[in-house]
Amino acid sequence: EKLPYIDLFSTFDDPYRHQPQGSLCQKASQILCQNSFALERLRSDFPTKTHLFLPPLELGEHVYQDSRHKLRLPKKFPDKVMGYIGSFGSLGFDLPLFERFVRELPDWGFILMGRTDREGQQSLNRLRSYANFFYEPWAPRELTRAAWKQLDVSLLLYRRLSSQDGAFPTKVSESLYFGTPCVATSVPKTADLEGFCPRESQPEALLDAAIRTASTPPEQVEQVFQHFANESDPLRYLHRAAEILQATKSLNQNSG
């Protein structure tokens with residue numbers, strides 16, 4: 001904030017951390033937001049220099065090339081599986097809702113894989129009593145292929161959390177990369193999934209949507225993946241940012 005000028009300010013997950021009146025927003029030549037919620041919040045003050053840029057995400061076989069990690073599911077585990085691969089803190093991930101899925105859909109298997117907090121561990125202790133639930137501890141991203149391959153539906157059961165209102169759920173891109181469709185809770189973090197993945201605010205509607213989503217045609221999943229993969233491509237991100245910045249500098253030079 002003490003710099004004499006700022007070319008690009010890429011907002012963080014927390015859209016309230018830096019107010020429009022603050023130095024970062026005021027000094028920045030261009031502001032890049034991760035989702036539409038943050039975009040609308042800042043665009044009202046800076047209509048010409050605020051842009052939507054989904055966070056860059058590297059995907060491809062070179063990322064998930066390590067296949068040493070095996071997922072050994074229990075015997076008689078259901079063939080149809082839903083779940084979530086990634087950290088799931090109790091504040092940002094709706095574990096009670098996840099438990100409802102496990103309880104009300106006994107013919108489905110459910111997987112969680114990743115880190116959690118103390119409250120999350122308490123939820124895991126309850127979930128372990130269900131025969132259709134399986135937990136795998138955290139593993140590096142390159143070792144998650146086996147887990148992703150098990151999922152028929154990815155459950156993005158995020159809770160409303162102010163520090164994540166400006167974030168984009170990159171898990172949707174990972175999931176779609178492996179051909180797995182997603183459903184999501186309706187919170188600011190998932191706003192940009194509207195029209196691409198079912199978003200629901202009521203548990204009953206989300207349960208129904210998850211079951212229907214498992215039958216999504218592969219070509220439709222691929223189409224949605226290509227959309228988000230293109231938007232999150234790191235090179236495209238850099239090129240777009242450079243173009244916007246260069247256009248701004250050219251405009252300023254001509255005005256001068």
Query raised in the report: Would a hydrophobic clustering, with Ile, Leu, Val, Met, Phe, Trp and Tyr connected at side-chain separations under 4.5 Å, put L207 with I211?
Result: yes
**Report entry** Side-chain touch Q34/K189, heavy atoms, less than 4.5 angstrom
**Finding:** no
Query raised in the report: Linking I/L/V/M/F/W/Y whenever their side-chain heavy atoms sit closer than 4.5 Å, directly or via other members, would F37 and F46 fall into one cluster?
Result: no
Report summary line: Taking every heavy atom of L176 against every heavy atom of P181, the minimum-distance pair comes out as CD2-CA, 4.2 Å
Query raised in the report: Within a strict 4.5 Å, meaning less than it, do heavy atoms of the Q19 and R41 side chains meet?
Result: yes
Report task. Measure from the side-chain N and O atoms of S175 to the backbone N and O of V172, and report whether any donor-acceptor pair falls under 3.5 Å. Result -> no
Requested in this report: Would you kindly confirm whether Y135 and W138 end up in one hydrophobic cluster when ILVMFWY residues are joined by side chain heavy atoms under 4.5 Å apart?
Outcome: no
Query raised in the report: Is the number of heavy atoms from other residues, nucleotides or ligands under 6.0 Å of N230 CG greater than 12?
Result: yes
Report task. Please examine the side chains of V187 and L161, heavy atoms only from C-beta on, and report whether any two atoms are closer than 4.5 Å. Result -> no
Query raised in the report: At their closest point, which heavy atom of T185 faces which heavy atom of L206, and how far apart are they?
Result: CG2-CD2, 3.8 Å
Requested in this report: Over all heavy atoms of both residues, which pair between L97 and P203 is shortest? Give the atoms and the distance, please.
Outcome: CD1-CB, 3.8 Å
**Report entry** N/O donor-acceptor pair under 3.5 Å between T50 side chain and P47 backbone
**Finding:** no
Query - CG-CD distance between L52 and E40, expressed to the nearest 0.5 angstrom - result: 10.0 Å
Requested in this report: Would you please indicate if the ring centroids of F168 and F228 are separated by under 6.0 Å?
Outcome: yes
Query - Under 3.5 Å donor-acceptor, D192 side chain and N35 backbone - result: no
Report task. For Y177, enumerate each residue passing the ring-ring contact (aromatic ring centres under 6.0 Å, His included) test, keeping only those at least two apart in sequence or located in another chain. Result -> Y64, F225
Query raised in the report: How far apart are the closest heavy atoms of P55 and T170, and which atoms are they?
Result: CG-CG2, 3.8 Å
Report task. For A209 and P198, work out which heavy atoms get closest and say how close. Result -> CB-CB, 4.0 Å
Report task. Would you give the length of the straight line joining atom CG of L124 to atom OG of S129, rounded to the nearest 0.5 angstrom? Result -> 11.5 Å
**Report entry** Within residues 153-172 or reaching into it, pairs that qualify as salt bridge (charged side-chain N to carboxylate O under 4.0 Å, His left out) - sequence neighbours excluded
**Finding:** D94-R159, R160-D165, K171-E174
Query raised in the report: If you measure from CG on L73 to CD1 on I111, what distance do you get to the nearest 0.5 Å?
Result: 5.0 Å
Requested in this report: Apply side chain to side chain contact (heavy atoms under 4.5 Å, CB included) to F134 and Q150, showing your working.
Outcome: CA-CA 11 Å; F134 178 80; Q150 289 291 337; over 6 Å; no
Query raised in the report: Hey, any chance L71 and W108 share a hydrophobic cluster, counting ILVMFWY side chains that come within less than 4.5 Å of each other, even indirectly?
Result: yes
Requested in this report: Could you check R145 against F178 for side chain to side chain contact (heavy atoms under 4.5 Å, CB included), going step by step and ending with a plain yes or no?
Outcome: CA-CA 8 Å; R145 173 190 291 271; F178 287 101; 3.9 Å; yes
Which pairs of donor and acceptor atoms, one on a side chain in residues 21-33, lie under 3.5 Å apart (sequence neighbours left out)?
from	atom 1	to	atom 2	distance (Å)
Q26	NE2	P20	O	2.9
K27	NZ	E1	O	2.7
K27	NZ	L3	O	2.7
Q30	OE1	H51	NE2	2.5
Q30	NE2	T248	OG1	2.6

**Report entry** Side-chain heavy atoms of L112 within contact of L127, under 4.5 Å
**Finding:** yes
Requested in this report: Give the ring-plane orientation class for F196 versus H227, where under 30° counts as parallel, over 60° as perpendicular and anything between as tilted.
Outcome: parallel
Requested in this report: Would you please classify the geometry between the F93 ring and the Y84 ring as parallel, tilted or perpendicular, with 30° and 60° separating the classes?
Outcome: tilted
Query - Working for salt bridge (charged side-chain N to carboxylate O under 4.0 Å, His left out), residues E243 and R236 - result: CA-CA 10 Å; E243 288 172 358; R236 183 175 185 272; over 6 Å; no
Query raised in the report: Does a side chain donor of either R199 or S186 reach within less than 3.5 Å of an acceptor in the other side chain?
Result: yes
Requested in this report: Please confirm whether the backbone N or O of P78 pairs with a side-chain atom of N132, one donor and one acceptor, at under 3.5 Å?
Outcome: no
Query raised in the report: Do R240 side-chain atoms and F53 backbone N/O form a donor-acceptor pair below 3.5 Å?
Result: no
**Report entry** Distance-only side-chain donor-acceptor flag, R141 / T144, under 3.5 Å
**Finding:** no
Query raised in the report: Around atom CD of Q223, are there more than 12 heavy atoms of other residues, nucleotides or ligands at under 6.0 Å?
Result: no
Requested in this report: Treating Ile, Leu, Val, Met, Phe, Trp and Tyr as nodes and any side-chain heavy-atom pair under 4.5 angstrom as an edge, say whether L39 and Y237 lie in one connected cluster.
Outcome: no
Report task. Can you measure from OG1 (T213) to CG (L155) and round to the nearest 0.5 angstrom? Result -> 9.5 Å
Query raised in the report: How long is the gap from CG on L105 to NZ on K80, to the nearest 0.5 Å?
Result: 8.5 Å
Requested in this report: Of all the heavy-atom pairs spanning S90 and L95, show the shortest one and how long it is.
Outcome: CA-CD1, 4.2 Å
Report summary line: When rounded to the nearest 0.5 Å, the distance separating CH2 of W148 from OG of S154 is 4.5 Å
